[in-house]
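Working notes, beginning with the structure itself.
Within every chain, numbering begins at 1; the chains are lettered A, B, ... in the order of the sequence lines, protein sequences first and strands thereafter.
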Protein chains: 2
Amino acid sequence: MIKHQLLDKDSVRCNTCVLGHICVPQGLNVQDTARLNDLVKERVRIPKGTLFFKAGDRLTALYSIRSGSMKLQLENESGHMQITGFAFAGEIIGLDALAENAHISNAIAMEDTEVCVIRMSDLNFLSKEIPALAYRITRLMSQEISRSHNMVLSLGAMRSEQRLAAFLINLSQRFTCLGYSGSEYVLRMSREEIGNYLGLTLETVSRLLSRFAKEGLIRIHQREVQILDFNGLQTLIQNDPVHRVEFPKLTACN
Amino acid sequence: MIKHQLLDKDSVRCNTCVLGHICVPQGLNVQDTARLNDLVKERVRIPKGTLFFKAGDRLTALYSIRSGSMKLQLENESGHMQITGFAFAGEIIGLDALAENAHISNAIAMEDTEVCVIRMSDLNFLSKEIPALAYRITRLMSQEISRSHNMVLSLGAMRSEQRLAAFLINLSQRFTCLGYSGSEYVLRMSREEIGNYLGLTLETVSRLLSRFAKEGLIRIHQREVQILDFNGLQTLIQNDPVHRVEFPKLTACN
DNA sequence: CGTTCAGTTGAATCTGGTCAAGTAAAGTGG
DNA sequence: CCACTTTACTTGACCAGATTCAACTGAACG
């Protein structure tokens, strides 16, 4: 069951949250961040596997992931799901719902996850008070467009091994930003989910991971990944026998 | 050469523009639309083939296409281009630049094109005056996210014939929204551009178009397309021998 | 009128998907 | 705690869809 938790004044709020540097407060000055206390009044615990919101649900809040991870997927009438993204701590989900005031994708917890609830009413109110906050939301949306465009680039222009290598590197970078090891991490998603996300089958993903391991690029045991040759993976991505392209350049934590 | 044209008071402005129902004014009430006079002070003519803005250029304005068409493409270090979208009359380009205040993609005119210049300074000023305008921009961004997610869905989950069929139908819908025929139109882009956009080679595109014609789904002569069997194309897309999916459902003009 | 560019079509090739069998890990119930 | 089931993953053999390479056709253009 999903547990709601109202925050009392002793709870960690945005202005003292360790995730501030990647979450909503990022880029805001100290004074503005201090005024974010009322942005999050509630947190929610979502057990692994739970459908947290689904396409069509009315938009009432944006959610920032405090711990855990979620997958976002589009569904179509015939029931096929396409995963459009994975979200980890500090990342905001729900931005694609602003157009229609209703969610477009499903959000499902890949592990026990806790999210901060940013009610639209509070967000709209505070945005008027703090122009930098409104700007921050705009930037987050624009980033999401850019992220999605890069995904199109990846799916349209990269071969399977490049997509997977890029995926591993991308995860590495995100974990690094979160303060975790970028060279050794645990995949939160199954082979099938990776494949779905990258437009491949689970068999292909499995085969490629095995191959990468055999070539000494990574070590893999179950979902534990160890990046042994970061440059090798980069090279693989840039290696372009047939007009194919490398993955989006390294980006700073944001 | 790119020609700038300052608008005098006799020029067509947003409040009287025939594209209002799909462009920025969409969804705004009559009073608000009337106040949009200062949104566009300038129009620019872009000859066919011109690189209008490129990745890295500072964001100074958003552009609404008044006539003609543009392609948007991402570039990477090794010079490969991936087309991420085509824009036609009434559509806004440049939204992905809001995150970094710099453009991420290149915009190139596919034919002689005229765009309305929406300077960021004017936009920001008017957004404060007209809350519905700020909301409209948010919606446009969110729509772009959603559009891009659908593209990911298409690239990740559809086979070549489905992608192309979906592409033709999508164009049909957009031209219909613009008041042109949806069953007979001229492709503004080459086979190579279509292929690049859909993650296929130009040969595959050509072969599929020939096949569609042979099957009586379309008629094609050069870049002139005539949709003969709309439902047939739809069926093709939905036909799902292997977990594949159909294209994003029909959408209203927005 | 020849050159160039866009598009078509065919044949060979290959990447990645499909189907199938097998293994390992993780639950589940006694 | 152990057998049993289920789920996740691996690996192999085969096949199909899409790419590549190449030759050719037809429009467009100076």
Side-chain angles (χ1 to χ4, degrees), chain A residues 47-49 71 80 82-83 110-112 154-167 186-215 218-225 236-237 239-245, chain B residues 47-49 71 80 82 110-111 154-165 167-168 186-215 218-225 236-237 239-245:
Chain A
K48 179 177 178 171
K71 63 174 171 180
H80 178 93
Q82 168 72 35
I83 295 175
M110 294 195 295
E111 58 193 314
D112 289 356
S154 163
L155 287 171
M158 284 164 64
R159 50 178 70 258
S160 60
E161 54 176 26
Q162 297 176 303
R163 288 184 218 172
L164 187 63
F167 177 71
V186 176
L187 296 171
R188 301 301 175 184
M189 63 295 284
S190 69
R191 305 289 191 266
E192 184 173 19
E193 287 167 331
I194 296 172
N196 182 299
Y197 178 61
L198 297 177
L200 306 169
T201 59
L202 72 98
E203 292 96 330
T204 300
V205 172
S206 177
R207 264 185 261 270
L208 286 170
L209 288 174
S210 300
R211 211 193 78 198
F212 288 175
K214 203 162 62 189
E215 291 170 348
I218 63 171
R219 195 170 304 172
I220 183 142
H221 177 64
Q222 315 263 108
R223 298 192 178 180
E224 291 154 32
V225 177
L236 192 64
I237 299 172
N239 214 11
D240 180 1
V242 280
H243 304 320
R244 301 298 169 127
V245 301
Chain B
K48 178 176 177 172
K71 63 174 171 180
H80 177 95
Q82 168 71 35
M110 294 195 296
E111 57 193 315
S154 163
L155 288 170
M158 284 165 62
R159 49 177 73 259
S160 58
E161 53 175 26
Q162 297 176 304
R163 287 184 219 172
L164 186 62
F167 177 70
L168 293 174
V186 176
L187 295 172
R188 302 299 175 184
M189 63 295 283
S190 68
R191 305 290 191 266
E192 184 172 20
E193 287 168 330
I194 297 172
N196 182 300
Y197 178 61
L198 297 176
L200 305 170
T201 58
L202 71 97
E203 292 96 331
T204 301
V205 172
S206 177
R207 265 184 260 271
L208 285 171
L209 288 174
S210 300
R211 210 193 79 198
F212 288 175
K214 203 162 61 188
E215 290 170 348
I218 64 171
R219 195 171 304 173
I220 182 143
H221 177 64
Q222 315 262 108
R223 297 192 178 180
E224 291 153 31
V225 178
L236 192 64
I237 298 172
N239 213 12
D240 180 1
V242 281
H243 305 320
R244 301 300 169 127
V245 300

In whole angstrom, what separates [X]'s [atom1] from [N]'s [atom2]?
X	N	atom1	atom2	answer
A/Leu208	D/dT11	CG	P	12 Å
B/Arg159	D/dT19	CZ	C1'	16 Å
B/Leu202	C/dT9	CG	P	13 Å
B/Leu187	C/dG7	CG	P	9 Å
A/Arg211	D/dC9	CZ	C1'	18 Å
B/Asn196	D/dT19	CG	P	12 Å
B/Glu192	C/dT8	CD	P	13 Å
A/Met158	C/dT15	CE	P	16 Å

Which part of the nucleic acid, if any, lies within reach of [X] when heavy atoms closer than 4.0 Å are counted: base, sugar-phosphate only, or nothing?
X	answer
B/Arg223	sugar-phosphate
B/Glu203	base
A/Gly195	nothing
A/Leu200	sugar-phosphate

Please determine whether a side-chain nitrogen or oxygen atom of [X] lies at a distance below 4.0 Å from atom OP1 or OP2 of [N].
X	N	result
A/Arg191	D/dA8	no
A/Thr204	C/dG16	no
B/Ser160	D/dA18	yes
A/Arg207	D/dT10	no
B/Ser210	C/dT9	yes

Requested in this report: State, to the nearest 10°, the angle formed by the axis through the first five base pairs of the helix from C/dC1-D/dG30 to C/dG30-D/dC1 and the axis through its last five.
Outcome: 40°
Tell me whether [X] contacts the main-chain N or O of [Y] through its side chain, where contact means a donor paired with an acceptor under 3.5 Å.
X	Y	value
A/Arg191	A/Val205	no
B/Ser206	B/Leu202	no
A/Thr204	A/Leu200	no
B/Gln82	B/Asn196	yes

Query raised in the report: Does the side chain of A/Arg188 come within less than 4.5 Å of A/Glu193's, by heavy atoms?
Result: no
Query raised in the report: Is the shortest distance from a Lys or Arg side-chain nitrogen in A/Glu224 or A/Arg219 to a carboxylate oxygen in the other one below 4.0 Å?
Result: no
Query raised in the report: Is A/Glu203 paired with A/Arg207 through a side-chain N to carboxylate O contact shorter than 4.0 Å?
Result: no
Query raised in the report: Counting side-chain heavy atoms from C-beta on, which of C/dG17, C/dT9, D/dC9 comes nearest to A/Ser190?
Result: D/dC9
Requested in this report: Evaluate side chain to side chain contact (heavy atoms under 4.5 Å, CB included) for A/Ile194 paired with A/Leu164, printing each intermediate quantity in order.
Outcome: CA-CA 8 Å; A/Ile194 296 172; A/Leu164 187 63; 3.9 Å; yes
